[in-house]
Amino acid sequence: MLRHAPGSVRDSIVEFLSTTESASLHEIHHAVGARLGTVAASSVRSYLNLNVPDLFERVGRGSYRLAGRADDHLVAPQPPSARHGLATLHHADCFEWLRAQPSRSIQAVVTDPPYGLVEYTSKEQGKLRDGRGGIWRIPPSYDGHQRSPLPRFTVLTEDDRAVLRLFFLDFGRMLARVVVPGANVVVASNPLLAHVVASAMSEAGLEMRGYVTRLVMTMRGGDRPKNAHGEFPDVSVLPRSMSEPWVVLRTPLEGRVQDNLRRWRTGGFRRPSVERPFGDVIRSHPTPVTEKRIAPHPSLKPQGFLRQIVRAVLPMGEGMVLDPFAGSGSTLAAANAVGYNSIGVEKDPAYVDLANRSIPLLEKVPVRDGDLG
Ligand SMILES: C[S@@+](CC[C@H](N)C(=O)[O-])C[C@H]1O[C@@H](n2cnc3c(N)ncnc32)[C@H](O)[C@@H]1O
């Protein structure tokens, strides 16, 4: 028996099939599971068959696609949006938003997605806002400073990781359609999950180009054996994190690099100066308190780092940068600071309000010496 809201299985199937030409029952079943939790494969098959030929078409054995792929049901109403200089922020679910975008309309993506998948649900955000924790570990204050809450990625199970993989597979497929050839897609990650992002998004059709390492010494303790510090004083359980990997992908080029640079304004990174290449290690620091006061978002990234990444992703300094998980709007603020057009999408109304207040302030914060190298 299905325990899901009426229409949710059908909507999930439509949402998934709109990202791809066609898919097997197995792929569709996984994609629906990633959105709704456990759903029996037989139920997904029934939904598909019940809606052939009105909504779905059968293409070959066990594969389906949307009937008349460019139909009305793919066109979402325009979401509410706000302009801040060169930036536009939309209040929407980015999957819905991406589905409604024209193909080949974005030149670069810089984003910091949710990782636990549940940490940005209303339930977990409610617990965080009430100081109750949940998936968010609220660290004790240190030297009189209140430290930011951190999601507990180490609690992810094998199943959670499988769901995460499908989330990034889906996300990669959606992005691959809306970005132009040769577009850079740079995704914030962490040492425990970067490989999942890299492999799922490569499977979605993006090319893996490496990692940019943000060198950052965070105050994340807990590297010692739990409840056995004294007995094993020389042991670190994990390499103590001093860096944050940002996964770098690119949509396949059309022709040579120079052809893409001319036609699409993509195909490389903008150098910090004519003499200096864009490097894959960026010295950074925890997000400064001044920025956190402006934008108290639990995952706020610092302007000093973001401005370097955002500036680099458009090799000619021309085009549109997208952040589909905009949070406090820090990527959009960085884009304004370096003079680029940008679009952000955020689904939580509280963070949309925060971003609308924060972007005009964050874009003006001075960054430390060397931050723009
Ligand atoms: C890791 S945070 C990004 C924080 C951002 N880097 C900053 O500096 O403020 C991820 C954000 O994505 C939002 N989000 C999660 N799922 C989303 C979706 N499907 N569409 C749009 N936003 C989403 C969350 O509400 C959260 O604000």
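Note that ligands are numbered from 1 as they come in the structure, with each ligand's atoms numbered from 1 the same way. Because the structure is a prediction, the values reported are computed rather than measured. Heavy atoms only: backbone and side chains are in, while hydrogens, waters and symmetry mates are out.
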Asker: Considering only heavy atoms of Asp93, which atoms of ligand 1 have at least one such atom less than 4.0 Å away?
Answerer: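 Those atoms are 19 (N), 20 (N).
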Asker: What atoms of ligand 1 come closer than 4.0 angstrom to any heavy atom of Asp348?
Answerer: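 Listed by number with element, the hits are 25 (O).
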Asker: Out of all atoms in ligand 1, which are within 4.0 Å of some heavy atom of Ser299? Include the element for each.
Answerer: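 Every atom of ligand 1 under 4.0 Å from some heavy atom of Ser299: 1 (C), 2 (S), 4 (C), 5 (C), 6 (N), 7 (C), 8 (O).
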Asker: Would you say Arg209 and Asn184 are linked by a side-chain donor-acceptor pair, where the criterion is simply a distance under 3.5 Å?
Answerer: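 Side chains of Asn184 and Arg209: no pair found under 3.5 Å.
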Asker: Under 4.0 Å from a heavy atom of Ser328: give me the atoms of ligand 1 that qualify, with their elements.
Answerer: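 Answer, ordered by atom number: 7 (C), 8 (O), 9 (O).
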Asker: Considering Phe167, Phe325, Phe171, Trp97, which one's heavy-atom position lies nearest to atom 14 (N) of ligand 1?
Answerer: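 When every heavy atom of Phe167, Phe325, Phe171, Trp97 is considered, Phe325 comes closest to atom 14 (N) of ligand 1.
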Asker: Please list, in number order, the atoms of ligand 1 under 4.0 Å from a heavy atom of Pro113.
Answerer: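 Counting atoms of ligand 1 from 1, those under 4.0 Å from Pro113 are 1 (C).
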Asker: Mark up the atoms of ligand 1 that fall under 4.0 Å of a heavy atom belonging to Tyr351, in ascending order.
Answerer: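 So the answer, numbered in order with elements, is 25 (O), 27 (O).
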Asker: Please determine whether side-chain contact (heavy atoms from CB on, under 4.5 Å) holds for the pair Ile106 and Val180, giving the CA-CA distance in whole Å, both sets of side-chain angles, and the decisive distance to 0.1 Å.
Answerer: CA-CA 6 Å; Ile106 298 285; Val180 302; over 6 Å; no
Asker: Would you call the rings of Phe167 and Phe171 parallel, tilted or perpendicular if under 30° counts as parallel and over 60° as perpendicular?
Answerer: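 Judged by the thresholds at 30° and 60°, the geometry between Phe167 and Phe171 is parallel.
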Asker: Hey, does Cys94 come in under 3.5 Å of ligand 1, counting only N/O atoms on both sides?
Answerer: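 Yes; the residue has a nitrogen or oxygen that sits under 3.5 Å from a nitrogen or oxygen of the ligand.
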Asker: So does Arg173 pair up with Asp170, basic N to acidic O under 4.0 Å?
Answerer: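 The answer is no: the pair does not qualify as a salt bridge.
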Asker: Going by atom types alone, do Gln107 and Trp264 pair a side-chain donor with an acceptor below 3.5 Å?
Answerer: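 Checked: Gln107/Trp264 side chains show no N/O donor-acceptor pair below 3.5 Å.
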Asker: Between ligand 1 and Lys347, is the shortest N or O to N or O distance under 3.5 Å?
Answerer: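 The answer is yes, given that Lys347 and ligand 1 share an N or O pair closer than 3.5 Å.
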Asker: Is there a heavy atom of Ala92 sitting under 4.0 angstrom from any atom of ligand 1?
Answerer: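 Checking ligand 1 against Ala92, which is what was asked, there is a heavy-atom contact under 4.0 Å.
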Asker: Give a yes/no verdict on whether any heavy atom in Pro324 is under 4.0 Å from an atom of ligand 1.
Answerer: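 Heavy atoms of Pro324 do come under 4.0 Å of ligand 1.
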Asker: Out of Glu346, His297, His91, whose heavy atom sits nearest atom 13 (C) of ligand 1?
Answerer: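 It is Glu346 that holds the nearest heavy atom.
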Asker: Under a 3.5 Å cutoff, is there a donor and acceptor pairing between the side chains of Arg214 and Ser284?
Answerer: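 Arg214 vs Ser284: donor-acceptor pair found between side chains.
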Asker: Can you sort out which atoms of ligand 1 are near Lys301, meaning under 4.0 Å from one of its heavy atoms?
Answerer: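 Matching atoms, with element in brackets: 6 (N), 8 (O).
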Asker: For a quick check under 3.5 Å, do His84 and Asn356 share a side-chain donor-acceptor pair by atom type?
Answerer: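 Yes, because at least one side-chain N or O of His84 sits under 3.5 Å from a partner of the opposite role on Asn356.
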Asker: Whether the side chain of Thr213 engages the backbone of Leu215 through a donor-acceptor N/O pair (distance < 3.5 Å, no angle test) should be reported.
Answerer: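 Checking the backbone N and O of Leu215 against the side chain of Thr213, no donor-acceptor pair under 3.5 Å is found.
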Asker: Regarding Glu291 and Lys301, does a basic nitrogen lie under 4.0 Å from an acidic carboxylate oxygen?
Answerer: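 Looking at Glu291 and Lys301, the cut-off is not met.
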